[in-house]
Amino acid sequence: MITKTTVQFLEEHPGLKYIFFGGKGGVGKTVLAGTAALWFAQQGKKTLLASTNPVHSLSSLLGQDVFGRHTPVIGVPNLYAYEIDTRDTIEKSKKEIREKIEWFLKYADIKTKADEFVESATMNPAFEESAMFENMIDLMFEDKYDVYVFDTAPTANARRLLGMSDVYSMWVNKMVQSRQEAQSLRELLSYSRKKKEKDPLMEYLLNLRTRMKHAKELLTDAEKTAFFFVTLPEALPIAVIRRFIHWFDEFGIPVGGVVVNMVIDKSRVGEDAPDFVKNRIAMQAEYLDEIARTFSDVRAVLPLFDTEVKGVEMLKRTAEYLFGGGETAT
Ligand SMILES: Nc1ncnc2c1ncn2[C@@H]1O[C@H](COP(=O)(O)OP(=O)(O)O)[C@@H](O)[C@H]1O
Ligand SMILES: [Mg+2]
């Protein structure tokens, strides 16, 4: 089923810097992000494992509090982990939006309280998602590490944002143009050569346009970025990543490949195993066939371990499968 392993893929992409894991909930994205980050750190790259997930999944994975700041991971040189404080981010974004709306109302001489506008702009789930996305691209722009591994790719959001970015940038260009025209008219009409007023809205738009462009460049750069998709040998997780991969291809976002997780190792199951185990193995076999037929870029197949994956030692063991090229008996 594997034609090119994770390591072979990485050898072909030596400049890889931004790595994401996507897939349905519970398939092992957090575990695999941790595993990949650990491996890159072991290769001598200064690596940040970052999460925009409101649940404290990284702290729990590593058995160490990594909330709110870049924290060195105990026992792994070069590895840092960082769980973004989502509440703080959202509050900051709200404040920023309030300031802009207030400025604009004043500028347009509209005597309305900003509250209503702020409410309607921020009281929706898309706002939180966007705030998380902003957080992620801020980290990417900072460029302080050799490698960034993101837990829980904001998949739908990345796609939406990138899809919108062309429309967005057209709109911003139009806004910028008409504001420039208005400004030069004003200058023509005024006798005194007043100094140009600072225009925060214009600054904001120009800044937004630059950021969107930069984010799009990074996220679609196949030398720097790869999204890996995680599935189990089960119907729903397969359907989810099939859809994701389709979207990503459409938008030119580079897909690194597929990782199959939690496959029961047949060689460890005897004849006397209970039926529910045998049935599950038969079910997995069918879906593994489907995976082999559907995806041409499976990079690794990982076994279902005896326990959940927690702590650095267990991540090292998981890395042997994700990067060892060893295929689980299927
Ligand atoms: N190969 C595996 N074997 C056993 N348990 C696993 C394996 N991969 C993940 N797990 C466990 O499954 C649960 C879900 O994994 P997690 O990485 O949190 O999924 P996600 O981030 O996609 O929601 C966790 O308890 C994790 O320890
Ligand atoms: Mg997770």
Side-chain angles (χ1 to χ4, degrees), residues 1-2 6 19-39 48-64 66-67 73 81-84 86 128-129 132-133 135-136 148-158 227-245 256-269 277 280-281 283-284 287-288 291 298-330:
M1 152 155 26
I2 298 171
T6 316
I19 291 140
F20 299 85
F21 287 89
K24 193 178 171 299
V27 296
K29 294 181 297 293
T30 301
V31 161
L32 290 171
T35 304
L38 172 110
W39 187 84
L48 182 70
L49 170 63
S51 171
T52 53
N53 197 332
V55 189
H56 293 216
S57 44
L58 288 190
S59 294
S60 138
L61 176 74
L62 299 167
Q64 189 185 337
V66 301
F67 184 71
V73 175
Y82 174 38
E83 231 159 33
I84 295 166
T86 47
E128 289 190 15
E129 224 185 321
M132 298 302 118
F133 190 82
N135 243 310
M136 188 192 85
Y148 293 78
V149 182
F150 290 96
D151 169 34
T152 313
T155 318
N157 199 252
F227 281 76
F228 290 90
F229 291 100
V230 187
T231 190
L232 310 182
E234 286 174 27
L236 238 48
I238 294 174
V240 166
I241 70 163
R242 187 188 280 142
R243 196 171 66 225
F244 282 166
I245 291 172
V258 171
V259 178
V260 187
N261 193 18
M262 301 195 204
V263 176
I264 298 173
D265 185 350
K266 268 198 302 210
S267 68
R268 292 184 53 200
V269 179
V277 178
R280 181 142 288 252
I281 289 174
M283 182 200 84
Q284 287 202 341
Y287 286 114
L288 283 166
I291 289 169
V298 176
R299 301 280 172 247
V301 179
L302 281 76
L304 176 67
F305 295 112
D306 296 340
T307 62
E308 58 179 358
V309 181
K310 271 202 176 149
V312 166
E313 285 317 307
M314 193 73 189
L315 287 179
K316 284 182 182 163
R317 209 175 135 204
T318 311
E320 286 168 22
Y321 289 91
L322 182 56
F323 297 96
E327 198 160 343
T328 309
T330 57

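Whatever order the structure lists them in is the order used to number ligands and atoms, beginning at 1.
- In summary, S51 places no N/O/S atom under 2.8 Å from the Mg ion (ligand 2), failing the contact criterion.
- Of all protein heavy atoms, the one lying nearest to atom 2 (C) of ligand 1 is F305 CD1, 3.6 Å.
- Listed here is the closest heavy atom pair of I264 and R280: CD1-CG, 3.6 Å.
- Between K24, R317, E308, it is E308 that holds the heavy atom closest to atom 24 (C) of ligand 1.
- Considering backbone and side-chain atoms alike, G25 places every N or O at 3.5 Å or more from each N or O of ligand 1.
- No option in F229, F228, F227, F244 other than F227 meets the ring pair (Phe, Tyr, Trp, His ring centres under 6.0 Å) test with F20.
- No more than 12 heavy atoms of other residues, nucleotides or ligands sit less than 6.0 Å from atom CZ of R268.
- Of the heavy atoms in T30, both backbone and side-chain atoms come closer than 4.0 Å to ligand 1.
- Protein heavy atoms come within 4.0 Å of atom 26 (C) of ligand 1.
- Of the protein's non-hydrogen atoms, the one nearest atom 4 (C) of ligand 1 is T307 O, 3.4 Å.
- For ligand 1, the atoms sitting less than 4.0 Å from at least one non-hydrogen atom of K29 are 17 (O), 19 (O), 20 (P), 21 (O), 22 (O), 23 (O), numbered in the order shown with element in parentheses.
- For the pair E320 and R317, the salt-bridge criterion is not met [side-chain N within less than 4.0 Å of a carboxylate O].
- Of all non-hydrogen atoms in E83 and H56, the two that sit nearest each other are OE2-C, 3.1 Å.
- Side-chain contact between T318 and F305 is present, with heavy atoms from C-beta onward closer than 4.5 Å.
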Is there a side-chain contact (heavy atoms from CB on, under 4.5 Å) between I245 and V258 once you walk through the steps?
CA-CA 9 Å; I245 291 172; V258 171; 3.8 Å; yes
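- Summarising the contacts of atom 16 (P) of ligand 1 with G28, S57, G34, G23, the nearest heavy atom is found in G28.
- Near G26, meaning under 4.0 Å from one of its heavy atoms, ligand 1 places the atoms 14 (C), 19 (O), 20 (P), 22 (O), 23 (O).
- Taken from CD1 in I241 to NZ in K24, the straight-line distance is 12.5 Å, to the nearest 0.5 Å.
- Look at P303 and you'll find a heavy atom under 4.0 Å from some atom of ligand 1.
- Distance alone, capped at 3.5 Å, places no donor-acceptor pair between the S51 side chain and the D151 backbone.
- With respect to atom 10 (N) of ligand 1, the closest heavy atom belonging to the protein is M262 CE, 3.7 Å.
- Proximity of V27 to N261: side-chain heavy atoms (C-beta onward) are nowhere separated by under 4.5 Å.
- Contact between L304 and ligand 1 is present, with at least one heavy atom of the residue lying under 4.0 Å from the ligand.
- For atom 17 (O) of ligand 1, the closest non-hydrogen atom of the protein is V31 N, 3.0 Å.
- At a 4.0 Å heavy-atom cut-off, ligand 1 touches N261 through the side chain alone.
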